[in-house]
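Each remark here refers to the structure printed beneath this line.
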2 protein chains.
Amino acid sequence: MTLPLHERIRSKIEAAILSGALRPGARLPTEHELMREYDCARMTVSKALSSLAAAGLIDRRKRAGSFVARPKVHSMVLDVPDLEQEVTQRGQRYRFELAKRIVKRPDIGHDEEIQLAGSGDLLLIEGVHFADDVPLAVEARLVSLTAVPEIAAQAFDRSSPGAWLIRYVPWTEAETRIGAVPANREVAARLNLPPGSACLFIERRTWRGDEGITLVRQHFVGSAYDLIARFGSARSMAEVKKQSVQNGDASAQE
Amino acid sequence: MTLPLHERIRSKIEAAILSGALRPGARLPTEHELMREYDCARMTVSKALSSLAAAGLIDRRKRAGSFVARPKVHSMVLDVPDLEQEVTQRGQRYRFELAKRIVKRPDIGHDEEIQLAGSGDLLLIEGVHFADDVPLAVEARLVSLTAVPEIAAQAFDRSSPGAWLIRYVPWTEAETRIGAVPANREVAARLNLPPGSACLFIERRTWRGDEGITLVRQHFVGSAYDLIARFGSARSMAEVKKQSVQNGDASAQE
DNA sequence: AGACAATTAATGTCTATACATTAAAGCTGA
DNA sequence: TCAGCTTTAATGTATAGACATTAATTGTCT
């Protein structure tokens, strides 16, 4: 490659972080060590580190050094990160009720499953999120056991797989699809709604590099959940401040 | 302020861009001119400009200079920027049908209108977006005439106010609320749907600095519209690639 | 006039150095 | 012991200069 040196340094460290070789919280070499490693001036490594810090991948502390940042919920502009946290933060009691949890091979004919699984197996997790014992959303999730073998040891009989994944598996790409759909019989039954009720539907796939991690489909009770995102355009794009549960009379058109 | 010099330079230029004093396409001073203006070294102004470039606010071209970037749709992670463009891009014919267009004072009791209008008036625009003559969404929009007096001259009898605003009025903050609601009688009638059908509801407010620009509420036909956002976490957050019209059988839970 | 080459004005990268700032770590004394 | 001071190792900011790279401009030759 003929990339500028500071870019090469940056992407080497970035790769180490994203691959998991450098785990969240780990300390990375000091600028002086990096100068020696790459035989360059301090400004050059500083530029690389500044860029990583600006992207939120690392935290830098004077006298202490630079550390791999723990993945911050707020950096994910459209993720619906941690229902558990959102619900408890509002003073409600959160519960995840596991309905199904099986290891399966990807279905032939379901391209997205095959693409996600690669040559390995999938963990299928289905369940319902409750706030104060009122159902808030149903979730059906597939996790690649190739990408995340550790998840096999997790029970998820009370906490949700989403929260666990967010904490332990960094992703590099995500695609989110948002729509409004009527509740079918199964969803309606699980959410305790009349069939046909409007539900917010969210489907999200995440990858780490080329490797698929998870595919999740969630149906939220339309009258109880809004997704809210705030952001500033110019300053750091990562300023989403809130994603909140419960809407009021949002449907009123004026 | 005791901000570092490169930050002060950055924010001064940024303010000039966001306020409209420096318009898109305008050329800004060369690094040498800025060195003289701020009596500092070239690396310092370079740092400021690099930061602006990284944020997508300016484009830099060797030999030519640095220019204010034209606002890019893609840098807005959750904006639903230009329905017109999305529809035509899919090979369909787009039409905006204006239903109402009045100047009004903010209603007492509607806090959001008062907050938006400040001491001035509001332009209320209501209409329907069509793709190939099939209604896709209804929209009710308020625009602050204080912030955007130029909009009074626009007709919007065929093109939508959203497209116009995106092009001519840069914003600094946005808040988007997304939900799923049943169509009420009025919405159902305008969208040619049975009442109660699931609709994707989007409400967005945007500001430039402290000044409110617009508040828009849109109801999309649930069975015809999905919002899709892709992004990478680490690399530039601004990599949303698509927001697409039309869903298929997304409601199937597996 | 038009193709091509040379000039040059801008940004891009990098070095080497200096001093400022912060906070961890160690030290000292009541 | 522990509060408070001092040291010090790290990042943060800035300077001044060198050379590289790119592409707009200008000049030259046909």
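By convention in this document, chain letters (A, B, ...) are assigned in the order of the sequence lines, proteins followed by strands, and residues within each chain are numbered from 1.
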Inset, instruction - Please report, rounded to the nearest Å, how far the C1' atom of dC14(C) is from the CD atom of E7(A). - result: 14 Å
Inset, instruction - Please state whether the rings of F220(A) and Y225(A) are parallel, tilted or perpendicular, taking 30° and 60° as the class boundaries. - result: parallel
Legend entry - Side-chain donor-acceptor pair present, R10(A), S51(A), cut-off under 3.5 Å: yes
Legend entry - dT8(C) base / R63(B) side chain donor-acceptor hit below 3.5 Å: yes
Legend entry - Nearest-nucleotide pick for R60(A), side chain only, options being dG12(C), dC14(C), dG12(D): dG12(D)
Inset, instruction - Please report the C-alpha distance between R208(B) and E211(B) in whole Å, then the side-chain angles of each, then the deciding distance to 0.1 Å, and finally whether the salt bridge (charged side-chain N to carboxylate O under 4.0 Å, His left out) criterion is met. - result: CA-CA 5 Å; R208(B) 186 173 56 196; E211(B) 188 177 51; 3.8 Å; yes
Inset, instruction - Rounded to the nearest angstrom, tell me the gap between atom CZ in R61(A) and atom P in dA10(D). - result: 13 Å
Legend entry - By salt bridge (Lys or Arg N to Asp or Glu O under 4.0 Å) - contacts of R42(B) (at least two apart): E31(B)
Inset, instruction - Send over the distance from K47(B) NZ to dG12(D) C1', rounded to a whole Å. - result: 7 Å
Inset, instruction - Mind running a 4.0 Å heavy-atom check of residues 29-46 of chain B against DNA chain C and sending the residues that fall below it, in number order? - result: T30(B), E31(B), R42(B), M43(B)
Legend entry - Between C1' of dT11(D) and CG of L28(A), the distance in whole Å: 12 Å
Legend entry - Distance in angstrom units between D59(B) CG and dA23(D) P, rounded: 13 Å
Inset, instruction - Give one of base, sugar-phosphate or nothing for L49(A), where a contact means two heavy atoms less than 4.0 Å apart. - result: nothing
Legend entry - Interatomic distance, L5(B) CG vs dT13(D) P [rounded to whole Å]: 11 Å
Legend entry - Salt bridge R205(B)-E203(B), side-chain N to carboxylate O under 4.0 Å: yes
Legend entry - Separation of atom CG in L3(B) from atom C1' in dA14(D), rounded to whole Å: 15 Å
Inset, instruction - Name the nucleic acid region contacted by S66(B), choosing base, sugar-phosphate or nothing; use a 4.0 angstrom heavy-atom cut-off, strictly under. - result: sugar-phosphate
Legend entry - Closest nucleotide among dA24(D), dG12(C), dT13(D) to the A64(B) side chain: dA24(D)
Inset, instruction - Take the protein atom CZ of F67(A) and the nucleotide atom C1' of dT22(C), then report the distance between them rounded to whole Å. - result: 13 Å
Legend entry - Donor-acceptor contact present, side-chain R27(B) to main-chain A64(B), <3.5 Å: yes
Inset, instruction - Check whether NZ of the Lys or CZ of the Arg R101(A) lies under 6.0 Å from the centre of the six-membered ring of F156(A) and within 45 degrees of that ring's axis. - result: no
